[in-house]
Novice: 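Just passing along the structure, written as structure tokens.
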Amino acid sequence: MNTQTAVGRFGRFGGRYVPETLVPALMELEEAYTAARADPTFDAEVAQVLREFVGRPTTLTPARRLTEAWGGAHVWLKREDLAHTGAHKINNTVGQVLLARRMGKKRIIAETGAGQHGVATATACALFGLPCEVFMGALDVERQALNVFRMRALGAVVRPVESGSRTLKDAMNEAMRTWVSQVSDTHYVIGSAAGPHPYPTVVRDFQAIIGTELRTQAQAAFGKLPDAIVACVGGGSNAIGVLHPFIGDASVRLIGVEAGGHGLDSGQHGASLTLGTEGVLHGSRSLVLQDADGQIQEAHSISAGLDYPGVGPELAHLAKTGRMEVRTATDDEALAAFYEVARLEGILPALETSHAFARGKELARELGAGKYLVINCSGRGDKDVATISARGVPPAVGVKP
Amino acid sequence: MSGEIAKAFARAKARGEGALVAYGMAGDPDLPRSVDVFAAMVEGGADIIEVGVAFSDPIADGPVIQGAAERALKAGSTLKRVLDEVVPELRRRCPETPLVIMTYVNVIMAMGEERFAKLARERGVSGAILPDLPPEESGSLRATFDAAGVDLIPLCAPTTPQARAEAIAKDARGFVYCVSVAGVTGMRAQLPADLSQRLELVRKASLVPVVAGFGISTAEQARTLSAHADGVVVGSAIVRAAHSEGPQAARAMCAEIKRGLKR
Ligand SMILES: Cc1ncc(COP(=O)(O)O)c(C=O)c1O
């Protein structure tokens, strides 16, 4: 279903709030993207890479022990953690890098928070032989050492960003500033369904493969569409990717889970859908965490990928119109969910994903037995093990310390 | 439309000079001392003052102005305080010099477009420059500004195709701000070779003055450009001078550029 109510707009949200220097590039991108999508050879090329290289379709896994432990709906997992590079981010970077190549761009820049998007971009660039530069907040460079190494190993240049909160939003500022100076031969691969038009649409379309696969897989696995789908929300690319194909299905509850950080009252969280107000950040009008004077506030989350004070405009629209329900999970709840999923299902979910699991538990109970809940497993937790283990590992079940 | 901007350009022209549009960051190092910097800029010969209002995420700015914005925010600068404390004091000290607010669209949205336009006009602001508000997004805001008598000054970039540049120029308020380089604010040793030609094209289409900005820091650059434009904008060079050596240095920088603008 099309939620785009005017060019580049999702209700009140979206648009293209960028320096004039970038406007022609965004128009060029929009045109090239429309042409690519109308060209069956492009879709075929993307599909082939997703199949052969990324490992799609990712599986839909029954979470039998979680289902039993939670005592409610049947819980199933859409396994984006099994995609190459370990998260959904690769779906978008393969598409965008192929698009950039089609446009004759000579180099790629990207921003990254957790590093997953940076790794995914570096991977696609390595695959297609394009030079790649990734901007990353200096704090995230410290938090995500594994992914920094992976990017460098893949041949990308990682640029630590020291300004502002030294996290994702500052990396995005720096990527935009760099893009302004190099726009003629450079494509900027934005990592979430955010930014100026056409990015929210481009990223959503490339990520919608998650939901499209899920429709078919759900029918095959349990003979109907899910009763509810839950996904974590940073910028919102995995959420819009899994949810978008279901927007028109009134029977399917769509739920986004944001970073509650230290708690919604603490002022330290990443809950822009829940507590944000209308504003313009990184080129689009959406819901953002800001003070009364319009200064963007620093977000906080234990997971670098949810540590962002904005959110994609389409999700803002879905939240405001009530089509998507929005909940939050705190750092501690996400950590608890991480261990629960690890020990009951043998999966180390990313800390981002752990937020979706934290709320999945109560959703399963709310839905009740006989219903089907799908949790979008946006990525694997290997990148987070340093952060998590630094807090001490709880003793194993049934084993005396 | 406010007439003050047109008058300032006419005054410079009558003296046989290109106009100097000089940018400073309100609140750097603090609100009262930034007023001293602005006043010194006028003493140095600035014809129009761009009053920068800090934004936390300035995607069109280079390191010098980014740094100034961080200092201003630390010093408690807000759009409201700039309108309450900086603008009235500047009007008192430099009644002839038009003031233009330069900030990002989110700062205006947070105050409310109408409230800003009304307050700005009351306090004597002539125009506004919002570098992240291209023409496609400026419709309602520009109507509000027009009604209040605040000029929304558009920007043109090196990447702007000619037809689009002409449309922007034709429809401009106040003046057209031609961004000289594809990039962020900041000083450049070299300006693009085709800049003068671009300026002439925009000038031909425009009913209002056309200025070149971004990257300009020397009298020599000002001299070269003023043959093809009605004036130049200087920002980072002034902000840096004021930051390291205070108002006197900002005055000297303006006077130096102004020498280059004498025809
Ligand atoms: C595994 C994983 N999940 C989720 C996210 C959040 O991003 P988004 O909301 O755009 O999907 C990230 C971002 O880095 C991530 O790495």
Novice: Please classify the contact of B:Pro131 with chain A as side chain, backbone, both or neither, using a heavy-atom distance under 4.5 Å.
Specialist: backbone

Novice: Between A:Arg166 and A:Asp170, does any NZ, NE, NH1 or NH2 come within less than 4.0 Å of an OD or OE carboxylate oxygen?
Specialist: no

Novice: Check this for me: does any side-chain nitrogen of one of A:Glu314 and A:Arg204 sit under 4.0 Å from a carboxylate oxygen of the other?
Specialist: yes

Novice: Please flag which part of A:Gln297 lies under 4.5 Å from any non-hydrogen atom of chain B: side chain, backbone, both or neither.
Specialist: neither

Novice: Heavy-atom cut-off 4.5 Å, strictly under: side chain, backbone, both or neither for B:Leu73 against chain A?
Specialist: side chain

Novice: Name the option with the most non-hydrogen atom pairs under 4.5 Å to chain A; the candidates are B:Leu79, B:Thr160, B:Leu133, B:Thr103.
Specialist: B:Thr160

Novice: Please determine if B:Lys118 and B:Glu122 form a salt bridge, counting it only when a charged side-chain N lies under 4.0 Å from a carboxylate O.
Specialist: yes

Novice: When heavy-atom pairs shorter than 4.5 Å are enumerated against chain A, which of B:Pro63, B:Ala157, B:Pro161, B:Ser138 gives the highest number?
Specialist: B:Ala157

Novice: Picking from A:Tyr308, A:Trp179, A:Tyr188, what satisfies ring pair (Phe, Tyr, Trp, His ring centres under 6.0 Å) with A:His282?
Specialist: A:Tyr308

Novice: Please state whether the side chain, the backbone, both or neither of B:Leu130 comes within less than 4.5 Å of a heavy atom of chain A.
Specialist: neither

Novice: Measure distances from A:Pro19 to the heavy atoms of chain B and classify the residue's part below 4.5 Å as side chain, backbone, both or neither.
Specialist: both

Novice: Please classify the contact between B:Pro135 and chain A as side chain, backbone, both or neither, with a heavy-atom cut-off of under 4.5 Å.
Specialist: side chain

Novice: Check the pair B:Arg173 / B:Asp146 against salt bridge (charged side-chain N to carboxylate O under 4.0 Å, His left out), numbers first and verdict last.
Specialist: CA-CA 9 Å; B:Arg173 308 280 193 271; B:Asp146 277 352; 2.7 Å; yes

Novice: Relative to chain A, which segment of B:Val107 carries a heavy atom at a distance below 4.5 Å: side chain, backbone, both, or neither?
Specialist: both

Novice: At a 4.5 Å cut-off on heavy atoms, which part of B:Ile59 comes close to chain A: side chain, backbone, both, or neither?
Specialist: both

Novice: Measuring heavy-atom distances to chain A, does B:Arg164 have an atom under 4.5 Å in its side chain, in its backbone, in both, or in neither?
Specialist: side chain

Novice: Do A:Thr112 and A:Asp140 pass the side chain to side chain contact (heavy atoms under 4.5 Å, CB included) test, and can you show the C-alpha distance, the side-chain angles, and the key distance before you say yes or no?
Specialist: CA-CA 9 Å; A:Thr112 195; A:Asp140 293 335; over 6 Å; no

Novice: Considering only heavy atoms, which portion of A:Met27 lies under 4.5 Å from any heavy atom of chain B: side chain, backbone, both, or neither?
Specialist: side chain

Novice: Does B:Arg81 pair with A:Asp293 as a salt bridge, N-O distance under 4.0 Å?
Specialist: no

Novice: Salt bridge check: are A:Arg16 and A:Glu30 linked by an N-O gap of less than 4.0 Å?
Specialist: yes

Novice: Considering only heavy atoms and a distance below 4.5 Å, find which of B:Asp57, B:Val184, B:Val105, B:Leu155 pairs most often with chain A.
Specialist: B:Asp57

Novice: Does the distance from a Lys or Arg side-chain N to an Asp or Glu carboxylate O, for A:Arg285 and B:Glu137, drop under 4.0 Å?
Specialist: no

